Undergrad: 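Have a look at this one.
Computed over heavy atoms, backbone and side chain alike; hydrogens, waters and symmetry mates excluded. Treat the numbers as computed from the prediction; the structure is a model and nothing was measured. Reminder, nothing fancy here: chain letters follow the sequence lines and each chain counts from 1.
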Amino acid sequence: MSQEELGKSLNEIIKHRLEKLSMIRKLGYNPYQYVFNRTHSCKSILENYDDLKESVDVSVAGRLMSVRRMGRASFAHIQDQSGRLQIYIQENKVGKTQYKLFSYLDIGDIIGVTGKVFKTKTGETTVFVEKLEILTKNIRPLPVVKEKEGKVFDAFTDKEQRYRQREVDLNVNPHVRDIFVLRSKIIGWTRDFFVEHGYLEVETPILQPVYGGAAARPFKTYYNALDQVYYLRIALEIYLKRLIVGGYEKVFEIGKTFRNEGIDRNHNPEFTLLEFYETYVDYYYMMDFVEKYFKYIASKVGKSTYRFEGHDIDIMKKFNRVKLFDLLNGEIGEDLYKADVAKLRKICDERNIEYKPEWERGKLIDELFKEFVEPKLIQPTFVMDYPVEISPFAKPARDGREGIVERFELFIGGQEFANSFSELNDPLDQRSRMERQKRLKDKGDEEATDIDKDFLVAMEYGMPPTGGVGIGMDRVVMLFTEQKSIRDVIFFPQLRSLE
RNA sequence: GGGCGCAUAGCUCAGUAGGUAGAGCAACGGCCUUUUAAGCCGUGGGUCGCAGGUUCGAUUCCUGCUGCGCUCACCA
């Protein structure tokens with residue numbers, strides 16, 4: 001045991017379990033077994049009762065979750081990944097030694113049983129144990145959650161403990177396990193969707209000498225062998241586009257990215273981003289494609305409407321498409337497209353929106369948009385055509401509107417879900433945009449990025465016309481699993497370490 | 001970072017208008033061969049998050065700290 005300070009009660013429980021551990025060894029059993037040959041899962045026994053009943057020997061293993069001892073016979077539930085199953089063990093049936101073994105078991109132990117399937121008086125499918133094996137002895141008490149008629153008693157609910165010790169949460173709160181199963185499926189369906197559309201899945205560097213592709217503060221690290229400061233990536237953009245330059249026509253990556261920013265219900269500093277790039281298409285094409293993607297996932301999940309951020313979101317309905325300035329002008333009551341910085345500041349002042357003196361046109365517009373428009377975008381809505389200043393990787397609008405780029409963001413429930421451009425492939429324009437970013441950074445903008453020379457060289461070789469999209473997968477999972485907090489769709493959300 | 005709230009047994013929670021704490025479950029001992037929040041009898045288990053202050057006396061009041069939650073800011 002470690003030297004950690006334990007309460008007496010916990011210490012006592014652990015002491016008792018260690019004693020049982022040695023008693024089990026004395027009985028001749030290895031409490032940490034190597035293998036167990038299962039013939040069934042808990043669920044498959046429940047589902048195939050008619051074929052199995054009182055004829056076939058089944059072997060099933062799982063964690064002991066409840067025990068009801070009645071002298072020389074006992075009932076218990078074991079739980080495996082598929083679900084819970086009742087077992088019944090009688091001293092007459094298994095003999096004194098194995099019943100003794102059973103008497104040393106605790107909730108949390110992992111056991112294997114073999115026997116025939118029957119139904120109890122009350123109709124519950126149960127395995128009548130003929131042979132019992134201990135596979136792993138538990139020595140630390142698991143919270144005991146009881147249930148009757150759908151009511152849960154003494155549920156393990158402390159959020160901090162649930163996140164810090166997710167393994168406990170997963171064991172005692174089966175619905176939590178279900179959420180993560182659905183997460184895994186959603187990621188898998190996402191992969192299927194892109195592969196089916198001819199995309200190549202790729203992996204690009206997480207450790208980068210120059211970070212870019214988004215506006216965010218990075219995590220810094222140090223690369224000993226190179227004697228250089230490195231950064232954890234904040235986006236996938238840069239390297240994926242270099243692969244497009246390399247000749248791949250459709251690529252996607254699903255991977256962790258890192259932003260050194262606040263943690264809240266909607267943000268985890270380490271999060272899963274999906275980005276995909278396709279050649280010879282623009283952001284109009286990508287709008288259709290993104291909508292298709294969301295509908296594809298919804299159809300796989302099997303529902304049209306999802307409860308998210310307090311609203312019923314209908315994914316199967318046609319997504320709205322609106323231009324940023326149409327929305328914003330409608331909300332403010334003036335034409336902001338033509339407004340200069342002075343005018344925008346005045347509007348902010350009138351509406352009590354704070355701004356920093358160094359903010360220029362694009363940033364001010366973005367701020368007003370976030371404040372007055374975003375929260376109202378509940379049903380899926382593509383917002384199109386953003387100011388160039390806040391979109392350093394997007395192509396200028398082809399219709400020549402000054403200061404506008406071909407970019408859309410998808411909003412659902414007032415939250416940003418996707419960000420997409422007709423990707424900028426003019427190397428000179430790209431260079432001047434990066435130089436501008438660099439100037440902002442030098443002036444103290446912590447979210448601006450350095451010039452990525454390798455990327456600019458790649459652009460000079462020529463990137464075909466390309467549409468690109470980024471989608472925050474954790475939010476997608478939140479939407480489709482109807483979770484209110486990002487922490488409930490990430491196994492181990494970021495918490496401050498103790499000590 | 002600001003505001004509000006929470007922190008008591010392994011789990012879920014009471015409680016003390018200041019006199020060092022209770023319940024249910026879990027644990028331990030006993031009875032019990034179709035139970036299912038099994039039941040019955042009995043027993044043990046707490047530096048009341050941490051550190052100070054006020055007080056004869058603090059788990060309770062005050063201050064600071066730590067952790068977590070909600071919220072605002074931040075997050076194209």
Undergrad: Hey, does A/Thr157 reach any base, or is it just sugar-phosphate, or nothing, if we go heavy atoms under 4.0 Å?
TA: sugar-phosphate
Undergrad: Figure out the OH/C1' separation between A/Tyr104 and B/rA27, and round it to whole Å.
TA: 17 Å
Undergrad: So what does A/Ala214 touch, heavy atoms closer than 4.0 Å: a base, only the sugar-phosphate, or nothing?
TA: base
Undergrad: Hey, can you tell me if A/Phe417 and A/Phe308 have their rings parallel, tilted or perpendicular (30° and 60° cut-offs)?
TA: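 Correct class here is perpendicular.
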Undergrad: Could you go through A/Leu364 and A/Arg361, starting from their C-alpha distance and side-chain angles, then the distance that decides it, and tell me whether this counts as side-chain contact (heavy atoms from CB on, under 4.5 Å)?
TA: CA-CA 5 Å; A/Leu364 289 165; A/Arg361 190 190 79 114; 5.9 Å; no
Undergrad: One thing to verify: whether A/Lys438 and A/Asp442 come together as a salt bridge, which I'm taking to mean a side-chain N less than 4.0 angstrom from a carboxylate O.
TA: yes
Undergrad: Need one value for A/Phe156: base, sugar-phosphate or nothing, where a base atom within 4.0 Å counts as base even if backbone is also close, heavy atoms only.
TA: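 If one applies the 4.0 Å heavy-atom cut-off, A/Phe156 turns out to touch the sugar-phosphate alone, with no base involved.
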Undergrad: Out of A/Ile404, A/Ile365, A/Asp385, A/Leu324, which residue meets the side chain to side chain contact (heavy atoms under 4.5 Å, CB included) rule with A/Tyr337?
TA: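 Filter result, single survivor: A/Ile404.
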Undergrad: With a 4.0 Å cut-off on heavy atoms, is A/Pro392 in touch with a base, just the backbone sugar-phosphate, or nothing at all?
TA: base
Undergrad: Heavy atoms only, 4.0 Å cut-off, all strands: where does A/Leu142 land among base, sugar-phosphate and nothing?
TA: nothing
Undergrad: Expressed in whole Å, how much space separates the C1' atoms belonging to B/rG46 and B/rU20?
TA: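 Each nucleotide's C1' atom is 11 Å from the other's.
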Undergrad: Under 4.0 Å between a side-chain nitrogen and a carboxylate oxygen: does that hold for A/Arg436 and A/Glu360?
TA: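 So A/Arg436 pairs with A/Glu360 through a salt bridge.
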Undergrad: Hey, is the side chain of A/Lys159 poking within less than 4.0 Å of OP1 or OP2 on B/rG69, counting only N and O atoms?
TA: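 No, outside the criterion.
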Undergrad: Reckon A/Lys484 touches a base, only the sugar-phosphate, or nothing at all at heavy-atom distances under 4.0 Å?
TA: nothing
Undergrad: Using Watson-Crick or G-U wobble geometry with both distances under 3.5 Å, which nucleotide pairs with B/rA21?
TA: none
Undergrad: If you look at every strand shown and take non-hydrogen atoms under 4.0 Å, does A/Glu149 touch a base, only sugar-phosphate, or nothing?
TA: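 Touches nothing.
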Undergrad: Is the shortest side-chain N/O distance from A/Lys146 to OP1 or OP2 of B/rC11 below 4.0 Å?
TA: no
Undergrad: Check the distance between B/rC28's C1' and A/Arg69's CZ and give it to me in whole angstrom.
TA: 12 Å
Undergrad: Rounding to an integer number of angstrom, what distance separates B/rG15 and B/rA9 when you compare their P atoms?
TA: 15 Å
Undergrad: Look at A/Lys343 together with A/Glu334 and state whether they make a salt bridge at an N to O cut-off of under 4.0 Å.
TA: yes
Undergrad: Within the 4.0 Å heavy-atom criterion, would you say A/Glu91 contacts the bases, only the backbone, or no part of the nucleic acid?
TA: nothing
Undergrad: Atom CZ of A/Arg259 to atom P of B/rC74: distance rounded to whole Å?
TA: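 Spelled out: CZ on A/Arg259 to P on B/rC74 is 17 Å.
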Undergrad: Would you kindly check whether a donor in the side chain of A/Glu12 faces an acceptor in the base of B/rG45, or vice versa, at under 3.5 angstrom?
TA: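 By the distance-only test, no, there is no pair.
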Undergrad: Over all strands shown, is A/Phe118 touching base, sugar-phosphate only, or nothing at heavy-atom distances under 4.0 angstrom?
TA: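 The answer is base, as A/Phe118 lies within the cut-off (heavy atoms under 4.0 Å) of a base atom.
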Undergrad: Quick one: A/Leu18 CG to B/rA27 P, roughly how many Å, whole number?
TA: 16 Å
Undergrad: Describe the nucleic acid contact of A/Gln90 in one word from base, sugar-phosphate, nothing, applying a heavy-atom distance below 4.0 Å.
TA: base
Undergrad: Rounded to whole angstrom units, what separation is found between the CE atom of A/Met65 and the P atom of B/rC11?
TA: 15 Å
Undergrad: Could you tell me the Watson-Crick or G-U partner of B/rU54, where both distances fall under 3.5 Å? Say none if there is no partner.
TA: none
Undergrad: Checking all strands, does A/Asp264 fall into the base, sugar-phosphate, or nothing category for heavy-atom contacts under 4.0 angstrom?
TA: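 It contacts base atoms.
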Undergrad: Pick from A/Tyr285, A/Tyr283, A/Phe408: which one makes a side chain to side chain contact (heavy atoms under 4.5 Å, CB included) with A/Ser422?
TA: A/Tyr283
Undergrad: Look at A/Arg487 and B/rG69 and indicate whether a side-chain polar atom (N or O) is within less than 4.0 Å of OP1 or OP2.
TA: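 Answer yes for this pair, as a side-chain N or O of A/Arg487 is under 4.0 Å from OP1 or OP2.
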Undergrad: If the cut-off is 4.0 Å, is A/Lys93 near the phosphate of B/rU33, judged by side-chain N/O to OP1 or OP2?
TA: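 No, A/Lys93 has no side-chain N/O under 4.0 Å of OP1/OP2 on B/rU33.
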Undergrad: Can you tell me if the side-chain N/O atoms of A/Arg68 get under 4.0 Å from OP1 or OP2 in B/rA38?
TA: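 For A/Arg68, the contact criterion (side-chain N or O under 4.0 Å from OP1 or OP2 of B/rA38) is met.
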Undergrad: Starting at atom CG of A/Asn138, determine the distance to atom C1' of B/rA27, rounded to an integer number of angstrom.
TA: 12 Å
Undergrad: Taking only side-chain N and O atoms of A/Gln161, does any of them lie within less than 4.0 angstrom of OP1 or OP2 on B/rC68?
TA: no
Undergrad: At 4.0 Å (heavy atoms only), tell me whether A/Gln86 reaches a base, stays on the sugar-phosphate, or touches nothing.
TA: base
Undergrad: Indicate, with a heavy-atom threshold strictly under 4.0 Å, whether A/Asn419 touches base, sugar-phosphate, or nothing.
TA: nothing
Undergrad: So what does A/Arg265 hit on the nucleic acid, given a heavy-atom distance under 4.0 Å: a base, only sugar-phosphate, or nothing?
TA: sugar-phosphate
Undergrad: Relative to the 5' end of RNA chain B, which residue comes earlier, A/Asp158 or A/Glu374, by the nucleotide with the nearest heavy atom?
TA: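 Its nucleotide being nearer the 5' end, the pick is A/Asp158.
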Undergrad: Hey, which of these two, A/Tyr88 or A/Ile107, hits RNA chain B nearer its 5' end, going by closest nucleotide?
TA: A/Ile107
